[in-house]
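So you know, we letter chains A, B, ... as the sequences are listed, proteins then strands, and number each from 1. What you are looking at is a predicted structure, and each value in this text was computed from that prediction instead of being measured.
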Amino acid sequence: MSRYRGVKDIPEEEYVAPGSALCAGCGAEIIARHMLKVLGRDTIMVNVPGCYAISTLFPYTAVKVPYVFAVFGSGAAVAQGIRDGLDILREKRGVNNDRVNYKVVVYVGDGAAYDIGFQSTSAAIHRNLDFYFVCYDNEAYGNTGFQLSGATPYASMTSTSPPLGDSVGNEYGKKDIFEIWRAHRAPYVATISVSHVTDMLNKFEKAKEFRGPKLFVALSICPTGWGASQEDTVRIARLAVETGMWPLKEAVYGEVKHTFIPRRLKPVEEYLKTQRRFRHLFKPVRRDEEISRIQREVEEYWRRVWEKELNR
Amino acid sequence: MYRFRFHGRGGQGIKTASRIFSTAAFLEGFYAQDFPMYGPERRGAPVAAYVRVSHEPIVIRGYINKPDVVVVGDETLLYDPVADPLRGFGGGVLFVNTPLNPNLSVDGEVVTLDLTGLALEHIGRSGAISAGVGAVACKIAGFSESSMVDAVVRELEEIGLPDELIEKNVVVAKESYRGVPSFDLDSLPSLSESDFLETDIVHVRLDEGEVGIATIANLGNSAVRKTGNWRILKPIVDYSKCTGCKICFAYCPDVSIHMGEDGKAHIDYDHCKGCLICSSVCPFKAITMVREVKVM
Ligand code: SF4
Ligand code: SF4
Ligand code: SF4
């Protein structure tokens, strides 16, 4: 049975302090808070360049657990170094205290998960490194002015995919990092969303049962880059789930199960319209073809899920 | 050479203000160099921009650590430890955008004007102070009004503002220009010989590994940074409606809500950035908002 049944069960302890330099309303902060609430005090966080890195601007840090800042492509490699160091202390030097059992979590943006850090992450999963890898996916390089990344969805405007003339914005689709990780046969892979806190807490809790790589990708609303209202962060994340655009699921040793299955999908438009990055799909003229392409892909996805998991 | 340093908050138009000033300097026949500080911080966080103006070609590069003139676009920044606008300042001119009449004990001339009030009156948006800030700097430096107006129009056209908004900005710029005195910068005692402070030079000792590594021992010390002054709107809990359901607590990104012993939500105004997520998620509509009034 799930340990957390509602927001009432959210642990009180905070391992993140206020006063960070991240934008007001940033989703990456909500995810970090809950992640550390479950993983707890005995956790070492590895961060690389990206928005969350500005939680720590020398000489200030908002993170209350040990924290290491690594170069962009090397989050998972640094995690390996930390894990190995602790394991050597325990196994070869006979040290036995709380510290040698610290969990190691790499907390990075989509740039470092899908693109620049992909190689080191893939290699660490391949070596079955016992660590958590959590990507706060804001679907572009938000830290440097919102440039296109491998996580940017089809038709999104970014500063390097402007919808000029006939252009639709980003003409490529989003990489399916969940499936890419799953193909590595990691023990635990999950998607989470800022809006579904209980689901998120339970997944972090469940991941603790496994030894080896535990991989998470979180839809992380970015009001600044997405051109959305700060107060709408949670509403937009919820719409992403309810329109079916961001499925909530997990895979245990490759076996996929959805943790939230919408019976009916809200139209994707409801989600797209909340963000300036998709505005060109509606103004000055409505681009039905592109909108229905997005709708169709979502429906095809869910038809397969409904068949498989609901026998419908 | 005159060194001007501009301070403001991301999104306020401080970079544009510094560009207006340097373009006006250029039109006045000076050499000019301007650049913003691309720090890692976000909308609402402190930002700075630097302008050097000289009759001779400018060869020096880098931040201005000993400014002759400091222009502060937001009074709440004056004592902000991160922005630190008075750093390296002494003997020159300090301008502060404020409706208050602060009694500042600084070494130098102090000039104030309520640019935000002017912007509200003529443009209707509190954040739109770039033209006013640029105009004030022009006046302090003794540039002509026509060069100033020319520079405002050029820079605002470049960022794509529609004509009617540019006109309104010109009105604000002229009023701002006329609202402050001019200075003979050459007669000020401050004019810096060098752009660097001794304390800016960090000697890294390479023989001891640990010395070269930046380490923070006090985890969670960001709490000393009062991000509460980022707010434009302020959330207020109506305790007759709050049921203590914890939903706002769950979603506050900035750990600025805690559940009190009375079982209800309490907001930490020292740190709340004013995103208003709490207000939008509260199922009982117990969180309303008011306009923030800033005090120094
Ligand atoms: S740019 Fe986006 S992801 Fe980065 S801090 Fe701002 S809101 Fe968060
Ligand atoms: S969400 Fe509303 S009712 Fe619930 S604790 Fe917060 S203020 Fe009170
Ligand atoms: S406005 Fe935002 S930062 Fe302030 S208490 Fe509400 S959720 Fe937290």
Straight-line distance of [X] [atom1] to [Y] [atom2], nearest 0.5 Å:
X	Y	atom1	atom2	result
A:E231	B:M289	CD	CE	5.5 Å
B:K246	A:D9	NZ	CG	7.5 Å
B:D254	A:R33	CG	CZ	9.0 Å

Interface residue of largest heavy-atom contact number with chain A, from B:V281, B:T227, B:I277, under 4.5 Å: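 Of the options given, most contacts go to B:I277.
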
Contact winner vs chain A - B:D270, B:I247, B:N218, B:V255, heavy-atom pairs under 4.5 Å: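 Heavy-atom pair counts peak at B:V255.
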
A:A62 backbone acceptor or donor facing B:N221 side chain under 3.5 Å: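 No, B:N221 side chain to A:A62 backbone: no donor-acceptor pair under 3.5 Å.
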
Residue pair B:K273 / A:S20, side-chain donor-acceptor N/O under 3.5 Å: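 On atom types as modelled, these side chains qualify, holding a pair under 3.5 Å.
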
Kindly indicate whether the side chain of [X], heavy atoms from C-beta on, has any atom under 4.5 Å from the side chain of [Y].
X	Y	value
B:P253	A:Q230	no
A:T56	B:I216	yes
A:V7	B:F249	no
A:L57	B:R225	yes
B:D268	A:P18	yes

Contact class of A:V16 relative to chain B, heavy atoms under 4.5 angstrom: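 Looking at A:V16, backbone and side chain both touch chain B.
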
Chain B contact via A:C26 - which portion, at a heavy-atom distance below 4.5 Å: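 The answer is the backbone of A:C26.
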
Smallest separation among heavy atoms of B:C275 and A:G25, with atom names: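 Answer, listing the atom of B:C275 first, then A:G25: CB-N, 3.4 Å.
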
Top contributor to chain B contacts, counting heavy-atom pairs under 4.5 Å, from A:Y15, A:Y60, A:F58, A:F69: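 Of A:Y15, A:Y60, A:F58, A:F69, A:Y60 has the most heavy-atom pairs under 4.5 Å with chain B.
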
Greatest number of heavy atom pairs closer than 4.5 Å to chain B - which of A:L22, A:T224, A:D232: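 The option with the most such pairs is A:L22.
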
Cation-pi geometry met for A:R235 and B:Y251 (6.0 Å, 45°):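 No, A:R235 does not sit over the ring of B:Y251.
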
Residue B:C278 versus chain A: region with a heavy atom under 4.5 Å: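 Contact with chain A involves no heavy atom of B:C278 at all.
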
